[in-house]
Number of protein chains: 2
Amino acid sequence: MEIYKNEKRQRYLEEYSIGYLFTFPIEEFLEVHEYKRDEWIIQEGTRSDFLFYVIEGKAKIYVTHQNGKVSLINFINKDDFFGEMELLNPIYYTKGVQASTKTVCFAIPFHRCRAKMLEDATFLRELAKFLSVKSTQMAAKYTQSLSFPLENRLADFILQTADGEVYKEKHVTVCDSLGVSYRHLLYVFAQFCDKGYLQKEGRHYRILQPNELNGLARVLMNE
Amino acid sequence: MEIYKNEKRQRYLEEYSIGYLFTFPIEEFLEVHEYKRDEWIIQEGTRSDFLFYVIEGKAKIYVTHQNGKVSLINFINKDDFFGEMELLNPIYYTKGVQASTKTVCFAIPFHRCRAKMLEDATFLRELAKFLSVKSTQMAAKYTQSLSFPLENRLADFILQTADGEVYKEKHVTVCDSLGVSYRHLLYVFAQFCDKGYLQKEGRHYRILQPNELNGLARVLMNE
DNA sequence: TCCAAAATATGAGATATCTCATATTATTGT
DNA sequence: ACAATAATATGAGATATCTCATATTTTGGA
């Protein structure tokens, strides 16, 4: 982890201004943190002392279950907050957050800003909006996972994460994210290839029939 | 649906004061609504014009999928908000909310209070706290549903909803809530009875070995 | 550069869960 | 009080998904 100082910090503060999210002047309190790919930004089960706001890169929130299984709860992208649970709730089992690419965040220290943030209607409104969307998304993922087989959820995942017509996600990550075994994931990928929806190219897949995948994905949604 | 007026309304305002959730005087705007068991408080897919706060009773949030399957997203209890998505997000596919017992709510009309509420730090802080808990709970349910078989999730559900040592939930509701088929739910209940954890009494079940159920439920949790 | 670890791949057998068909028993509205 | 509807119950067969074993390939670090 690297903390940007002086000119570099200043440059980021100017380029990615988040002043509009606050009524009070936030700039002086902001630290700018850079994390390398695969680095843990927050360790599961520990106490975090910052509210984070992502300005570059992306990250993943993980939880480890008692049976050793790991779940990828959610992806965090540019302009997302994380660490807000610790801000609002005195007692909280902290989830692990890992950078999936090089990631740059604003880190807002609790000890200097908690009181100010919790009094700031502008900030709280934005945070509530963010949380309401997040909670809706989680609810959607929850009910979808209960109501549809992997075929549908994977089709959606492929379309969401594909880079143009090429899909490049790591299978192991997808297992944690969709909550299926590696074995079963590969079965369904094999099916998609058999049916001609996808074509394997080295360790990537080319999307040949986006409409077919779309049909499978569409049944998930009504919102 | 019945709207309490005059003395009855006044009595509820005094008995269940929520003034502490707001900086501005909210009482004058509050309507007190009573819904009968099984009545729909919000119709799925329609626009709601109130923020609700439950003061008596409980309710269920439902969503209908394109394949006709219905999911029970969550239970709503005393002191919970609902309708907050519509307050914060201009565009939102509204979920259905159904009273599961006689339910009394404060209903805060958007047209009179939206602006005030969105400027009120005290209210927004409470709302953000509520949403953060809700979002954490949904995340937990999501990952649990992916990581554990029905056996564990049902044990938890039984313990959570049992009335003393008697469990009385309707199977059909539980199917929608845990996202399993009626057939499979009964298989697992039969297993629990075989193993002596439960004993069937008419249409209820008596919990004979709470510790065994607890063991099954405990592996879900680390938070 | 090389080794250990991680990721990919595939088979075989088990099990968790679903669908459908069919009865019986409550509950509810008129 | 009766008919319609909802809830409960159970069997049989299908399928979605898991576990485990084993092999190959890729990748990151000493």
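Each chain gets a letter, A, B and so on, in the order the sequences are listed, and its residues count up from 1. Model, not experiment: these values are computed from the prediction.
Ring-plane geometry between A:Tyr167 and A:Phe189 is classed as tilted, the angle between the planes lying from 30 to 60 degrees on a 0 to 90 degree scale. Ring orientation note: the planes of B:His171 and B:Tyr182 are nearly perpendicular, at an angle over 60° on the 30°/60° scale.
Using a 4.5 Å heavy-atom threshold, the side chains of B:Glu56 and B:Tyr12 count as touching. Residues B:Glu44 and B:Tyr93 are in side-chain contact: their nearest non-hydrogen atoms beyond the backbone lie under 4.5 Å apart.
Under the salt bridge (charged side-chain N to carboxylate O under 4.0 Å, His left out) criterion, no residue pair touches residues 102-111 of chain A, with sequence neighbours excluded. Residue pairs meeting the salt bridge (charged side-chain N to carboxylate O under 4.0 Å, His left out) criterion with at least one partner in residues 156-175 of chain B, sequence neighbours excluded, are B:Asp163-B:Lys168, B:Glu165-B:Arg206.
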What are the atom names and distances for every N/O pair under 3.5 Å that joins the protein to nucleotides 15-17 of chain D?
residue, atom, partner, partner atom, Å
D:dT17, OP1, A:Leu150, N, 3.3
D:dT17, OP2, A:Leu150, N, 3.2
D:dT17, OP2, A:His184, NE2, 2.9
D:dT17, O5', A:His184, NE2, 3.3

What does the list of N/O pairs under 3.5 Å between the protein and nucleotides 21-27 of chain D look like, with a distance for each?
none

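If you take CG of A:Leu185 and C1' of C:dG11, they are 17 Å apart, rounded to a whole angstrom. Computed from coordinates, the B:Lys168 NZ to C:dA26 C1' distance equals 17 Å when rounded to whole Å. Here C:dT19 presents its C1' atom at 13 Å from CG of B:Asn67, a figure rounded to the nearest Å. Distance, A:Phe189 CZ to C:dT8 P: 10 Å, rounded to whole Å. To the nearest angstrom, P of C:dT25 lies 14 Å from OH of B:Tyr182.
The side-chain contact (heavy atoms from CB on, under 4.5 Å) test applied to A:Ser135 returns B:Met85, B:Lys134, B:Ser135, not counting sequence neighbours.
A rotation axis mapping the C1' atoms of four pairs onto the next four is fitted at both ends of the helix from C:dT1-D:dA30 to C:dT30-D:dA1 over five pairs, and the angle between these axes is 60° to 10 degrees.
Between B:Phe148 and A:His65, a ring centre-to-centre spacing shorter than 6.0 Å is recorded.
Salt bridge annotation for A:Lys195-A:Glu151: present, with a cationic side-chain nitrogen under 4.0 angstrom from a carboxylate oxygen.
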